[in-house]
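As structure tokens, the structure follows; a few thoughts come after it.
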Amino acid sequence: MISKYAIGVDYGTESGRAVLVRLSDGAEIAEHVTPYRHNVIDEKLPESGLKLEHDWALQHPADYIEVLTQSVPAVMKESGVDASEVIGLGIDFTACTMLPVDEAGQPLCFNAAYKANPHSWVKLWKHHAAQEEANLINEIAAKRGETFLPRYGGKISSEWMLAKSWQILNEAPDIYEVADKFVEATDWVVGQMTGNIVRNSCTAGYKSIWHKQDGYPSREFYKALDPKLEHLADTKLRGDVLPLGSKAGELTADMAAQMGLAPGIAVAVGNVDAHAAVPAVGVVTPGKLVMAMGTSLCHMLLGSEEKQVEGMCGVVEDGIIPGYYGYEAGQSAVGDIFAWYVEEAVPAYVVEAAKQEGISTHEWLEKKASELNVGESGVLALDWWNGNRSVLVDTDLTGVLVGLTLLTKPYEIYRALLEATAFGTRKIVEAFHSNGVAVDELYACGGLPQKNRLLMQIYADVTNREIKIAASKQTPALGAAMFGAVAAGAAAGGYDNVVDAAAAMARIREETFKPIPANVAVYDKLYAEYNQLHDYFGRGANDVMKRLKAIKEEASVH
Ligand SMILES: Nc1ncnc2c1ncn2[C@@H]1O[C@H](COP(=O)(O)OP(=O)(O)O)[C@@H](O)[C@H]1O
Ligand SMILES: O=C(CO)[C@@H](O)[C@@H](O)COP(=O)(O)O
């Protein structure tokens, strides 16, 4: 039998990667990464050099296309697979990563008339400058008793489509006016491959308050926010919303030529990175929490019923795997916090020591931190370096370190940061579990489980649960390829549904991380302290973080 293949393209925060996957067994034949030429644009705009304000995070749409034209031909070349054997392609993306486009589907930032306006660019998921809009959305939605609110854990995030769109209206009404549509980057890139933009049910459901039965919120609700938003859903957000696994269209001849693929192959509707990873670790039933661990951490879980859970990002019917309610929660920085520490705060002697040993600074810190007993450092942290996504849903919260002394060592702080993120995850696990969405097992995928064993042991100890690790290093891309195979269908050599695709293609590692009872006991005590700090700083007892932010904003006006 001739092997068939699909390509999965995973769009992360700093780079995109293509993986060529064999459909019979999920073997990853070749992979290639293309770093985004413009990376995250958070200081000044390309070309005009316009300085961006705090909390902005933009991207350049051309970088996404470069991933297709660089990484896809590279995997084809490396593998030696003939283009005729590749039957489908799927992508996954960070989200809500959104952009305004014109009638032709072209990003407004490609237009000389608009590109000096930062609102014409892609707003990356971690663009956090729409918190004021989010606060108002939540206040007004709560006052009106909007029924969608409980589906989003009681709060709509500043990271999502509505807050970002409203920020455009408030700060750049001309861009709002001229935008034909606001689209998720995942849908835009798929549209570039097929020649037609369609929306997917996953980003629409989790990031744009779309519901399978009810559609978007009512016009009255949008109007209550701002009369100019009344028609947002039927104008800027219009367009078909197709379920995950659907075929968005076929690869155009032009893009096929640039990507080294055959024209006409099936392209799946867009997906979200964390969501695509779920079938890629073989999770297609409830009770198994999948943690996509990278710069941020997304928690994905299936349930048979729709439950209300404080601070979850959302519950969407068929949002991850058809037939189940897909639950999502998350932490908006995890790896990014460790990166901050390594890049901004370790002393030179640590960097030098790591260099001498021929290992990375992370690895050196991990090694030294592993020698500590649990609780030995006396240092505790709150993991809010990029705000709090779940369960507080507040991007104005910031980080905390408690317990520092003149004897505190860098690796003790590093360990406290690893632990803080694990406590943040425990908070989420408990929120689900205590509200009737069972979390019996943990699965981890993404870059971090491959990079840091201490981190994974800490997560097992803090949550008191065994953790299974994805065999693939590229789980979102593998999942995206599965959806590409589903879009192609069994008749073409793919699969008819993602459950069948997962049965054949998903794998986990044999080795798991099991909780160590002695560590679990100490972490219970530390978690109780974390919880107290969490509520003190996060639930209004002391709003020092918000006051500091206000002072900082005032002081930064030059
Ligand atoms: N040894 C390590 N221990 C902990 N974190 C690490 C280590 N090496 C890199 N990181 C962090 O991993 C993150 C990148 O994760 P990865 O999954 O590769 O990326 P992404 O989330 O963009 O897909 C960065 O934030 C980086 O700080
Ligand atoms: O918000 C989501 C998913 O809902 C993610 O796309 C976002 O956290 C970015 O994820 P990564 O850290 O790039 O893996």
Side-chain angles (χ1 to χ4, degrees), residues 149-155 206 274-275 277-278 281-293 296-317 319-321 323-332 334 382-383 388-393 419-446 449 455-470 508 512-517 519-535 538-539:
L149 215 45
R151 292 204 314 271
Y152 298 96
K155 281 201 184 151
Y206 286 100
H275 301 61
V278 175
V281 293
V283 169
V284 290
T285 50
K288 300 162 180 167
L289 182 87
V290 178
M291 303 186 290
M293 305 178 71
S296 65
L297 204 167
C298 295
H299 307 78
M300 320 298 304
L301 184 63
L302 302 175
S304 313
E305 292 167 73
E306 192 174 295
K307 299 274 187 187
Q308 298 184 12
V309 180
E310 185 201 9
M312 66 175 166
C313 303
V315 50
V316 175
E317 193 180 346
I320 303 173
I321 300 293
Y324 292 105
Y325 288 89
Y327 289 84
E328 179 186 359
Q331 289 165 267
S332 33
V334 169
L382 281 178
D383 50 319
N388 177 294
R389 194 186 274 180
S390 299
V391 298
L392 298 170
V393 201
E419 290 169 344
T421 67
F423 294 141
T425 281
R426 176 161 168 183
K427 192 90 199 151
I428 289 165
V429 168
E430 290 185 352
F432 278 125
H433 207 71
S434 63
N435 283 291
V437 193
V439 182
D440 303 320
E441 290 179 87
L442 301 184
Y443 287 70
C445 60
L455 180 74
M456 298 320 298
Q457 187 59 50
I458 290 173
Y459 272 60
D461 293 340
V462 166
T463 60
N464 197 14
R465 281 169 171 81
E466 184 175 0
I467 305 181
K468 297 180 177 165
I469 311 288
I508 52 167
T512 64
F513 288 85
K514 295 188 184 64
I516 299 167
N519 293 354
V520 172
V522 185
Y523 276 131
D524 275 345
K525 288 193 217 159
L526 291 172
Y527 179 65
E529 298 299 336
Y530 171 93
N531 247 331
Q532 284 205 36
L533 284 183
H534 176 280
D535 288 357
R539 296 197 194 272

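What's counted below: heavy atoms across the whole structure, side chains too, no hydrogens, waters or symmetry copies. The structure displayed is predicted, hence computed values, not measured ones.
Partners of Y443 under the ring pair (Phe, Tyr, Trp, His ring centres under 6.0 Å) rule, at least two apart in sequence or in another chain, do not exist in this structure. With sequence neighbours excluded, the residues satisfying side chain to side chain contact (heavy atoms under 4.5 Å, CB included) with S390 are C313, A329, I428. With sequence neighbours excluded, no residue forms a side chain to side chain donor-acceptor pair (under 3.5 Å) with N388. With sequence neighbours excluded, the residues that form a side chain to side chain contact (heavy atoms under 4.5 Å, CB included) with V284 are I321, V499, A502. Here K525 pairs with nothing under the side chain to side chain donor-acceptor pair (under 3.5 Å) rule; sequence neighbours left out. For the side chain to side chain donor-acceptor pair (under 3.5 Å) test, no residue two or more places apart in sequence or in another chain qualifies with K155. For the salt bridge (charged side-chain N to carboxylate O under 4.0 Å, His left out) test, residues two or more places apart in sequence or in another chain that qualify with E430 are R426. When the salt bridge (charged side-chain N to carboxylate O under 4.0 Å, His left out) test is applied to K468, the partners found at least two apart in sequence or on another chain are E441. Checked against side chain to side chain contact (heavy atoms under 4.5 Å, CB included), A521 has no partners two or more places apart in sequence or in another chain. In this structure, the side chain to side chain contact (heavy atoms under 4.5 Å, CB included) partners of L533, at least two apart in sequence or on a different chain, are L380, L382, V402, F537. Taking the ring pair (Phe, Tyr, Trp, His ring centres under 6.0 Å) definition, one finds that Y152 meets it with W160, sequence neighbours left out.
Side chains of S296 and V334 form no contact here, defined as non-hydrogen atoms less than 4.5 Å apart. With a 4.5 Å cut-off on side-chain heavy atoms, Y527 and K427 count as touching. Between E419 and V462, every side-chain heavy-atom pair lies at or beyond the 4.5 Å cut-off. A 4.5 Å side-chain heavy-atom check between R389 and Q331 finds every atom pair outside the cut-off. Side-chain contact between Y523 and N464 is absent, with no heavy-atom pair separated by less than 4.5 Å.
Ring centers of F423 and H534: at least 6.0 Å apart, outside the cut-off.
Side-chain atoms of D383 and Y530 include a donor-acceptor pair closer than 3.5 Å. Looking at Y459 and T421, their side chains do bring a donor and an acceptor atom within 3.5 Å of each other.
A side chain to side chain donor-acceptor pair (under 3.5 Å) check over residues 303-314, counting only residues at least two apart or in different chains, returns the pairs E310-R539.
With H433 contributing its side chain and V439 its backbone, the two residues share a donor-acceptor pair below 3.5 Å.
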